[in-house]
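Comments concern the structure below.
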Amino acid sequence: MKGRKLLMIPGPIEFTPKVLAAMSEPTTSHVADEFCQCFGECLDMMLDVFMAKDHEPFVLAGSGTLAMDAAVANLLEPGERVLVVNSGYFGDRIGNMMNRYGVESEHLRSPIGDIASAAEVAESLENEDYRAVVLTHVDTSTAVQADVEGICRVAKEAGCLTIVDGVCGTGGAECRTDSWGVDVYLTASQKALGTPPGLALLTVSPEGMKAFYRRKAPVQNYYADFDNWLPVMHAYRKREGAYFGTPAVNLIYALNVSLKQILKEGMQERFDRHLHLAGAFRAGTDALGLKTVPVSKDLLAPTLTALYYPEGIDSQLVSRIEDEGVLVAGGLHSEIKQRYFRVGHMGAHTESDIIATLAAIERALSKSGYDFSAGEGLAAAERELLTD
Ligand code: PMP
């Protein structure tokens, strides 16, 4: 027995052996030359991975929620109104966060599994004056992918700042941060960026930084205040040490390895590979008769799939899949939590992982009494994997 299970939840994900090895190197000082070089490289590479040339990169010790917090606390001011293009749980979270800072959030909601189109967002922006538009690239509770390019285009046309939560997308799902007009692209280390949990990352556009420099109200979050971090990030970009809060040294070493692996693969190749694996996985689950939570094909995320349990099957399926050696996640969206499960396919996941996962799902379905012919899902996925 291998003694470990294949981790196919939507984060944390499987990490490469080199990334994990970097975590276990002896910890250096955070101002050691070697570390300054490493952190500086990370910040530079991050701009290439995020496709955010000329943006300010920040890497803080904390989870993705801290990156959301940093974006909201630094760019928005009390009394401002913001439109949240809500596609699930994480739209609600950032809305609650904004309310905490005295920012008024208004949600453009859609039925579960759907999201407003760019045209619908444009319509909302015509009637009201908003300071910013906030959206989730891939909402991890629904596996719905937003039209980041289209929504940001109409938001910029309306003079709004754009904040995109990329936690379940960055490094796997395409986001051309600068050319698509994304002012803040924020994420966490543990998903398609391929580094264990514990880093909050974000890039801020020149226009976003202008909003920060011009703000009248003080930033109501001490730890995340850009004034504390800008001198630190600027120093590391010059390969010099600086201090505000101790960086997560070993995680930064791991991030350096992962970003190099991502750039070595190439961003377009990486986006294509994620689409290819996602397409094969869903060819398999379609053949098994499993229905996706996203209501149409163009909303399906390349990093994650959310599937309703078929008739007569309940959430026990998740533990049955685990018994077959693969960890998948149960539901997250409160309104349908007991009716669906989620499978992450991103970062270092391979074609073999897709096949292993489908095989485990087939065995678990079979043991749950589901009526299908064994191998159907696997065959459909294999066929898809063999096409270019
Ligand atoms: N946004 C999205 C889309 C997420 O998937 C998550 C994590 N699942 C978060 C934000 C919050 O990140 P974290 O759990 O690292 O705080």
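For ligands, and for the atoms within them, numbers begin at 1 and follow the listed sequence.
Side-chain N or O atoms of Thr162 include one that pairs as donor or acceptor with a backbone N or O of Asp183 at under 3.5 Å. Between the side chain of Arg270 and the backbone N or O of Gly171, at least one donor-acceptor pair lies under 3.5 Å. Without hydrogens or angle criteria, Tyr340 side chain to His333 main chain gives a donor-acceptor distance under 3.5 Å.
Near Thr140, meaning under 4.0 Å from any of its heavy atoms, are these atoms of ligand 1: 2 (C), 3 (C), 4 (C), 5 (O). Set against the non-hydrogen atoms of Met68, the atoms of ligand 1 under 4.0 Å away are 10 (C). Close approach of ligand 1 to Ser63 (heavy-atom distance below 4.0 Å) involves ligand atoms 13 (P), 15 (O), 16 (O). Close approach of ligand 1 to Gly64 (heavy-atom distance below 4.0 Å) involves ligand atoms 12 (O), 13 (P), 15 (O), 16 (O). Each of the following atoms of ligand 1 lies closer than 4.0 Å to a heavy atom of Val138: 3 (C).
The single protein non-hydrogen atom nearest to atom 1 (N) of ligand 1 is Asp165 OD2, 2.6 Å, given as residue, atom name and distance. At the top of the distance list for atom 11 (C) of ligand 1, counting protein heavy atoms only, stands Thr65 OG1, 3.5 Å. Nearest protein neighbour of atom 14 (O) of ligand 1, counting heavy atoms only, is Gln190 NE2, 4.1 Å. For atom 8 (N) of ligand 1, the closest non-hydrogen atom on the protein side is Lys191 NZ, 2.8 Å. Annotation: atom 9 (C) of ligand 1 to nearest protein heavy atom, Phe90 CE2, 3.3 Å.
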Tyr185 vs Thr170, side-chain hydrogen bond (donor to acceptor under 3.5 Å, both in side chains): CA-CA, chis, key distance, verdict: CA-CA 9 Å; Tyr185 193 45; Thr170 317; 3.3 Å; yes
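Heavy-atom minimum distance, Leu193 versus Thr187: CD1-CG2, 3.6 Å. Considering all non-hydrogen atoms of both residues, Phe226 and Pro231 come closest at O-CD, 4.4 Å.
For the pair Leu307/Thr305, a side-chain contact is recorded, criterion being any heavy-atom separation below 4.5 Å from C-beta on.
The proximity of Thr136 to ligand 1, defined as any non-hydrogen pair under 4.0 Å, is limited to the side chain.
In summary, the aromatic rings of His55 and Phe50 are positioned with their centroids too far apart to meet the 6.0 Å limit.
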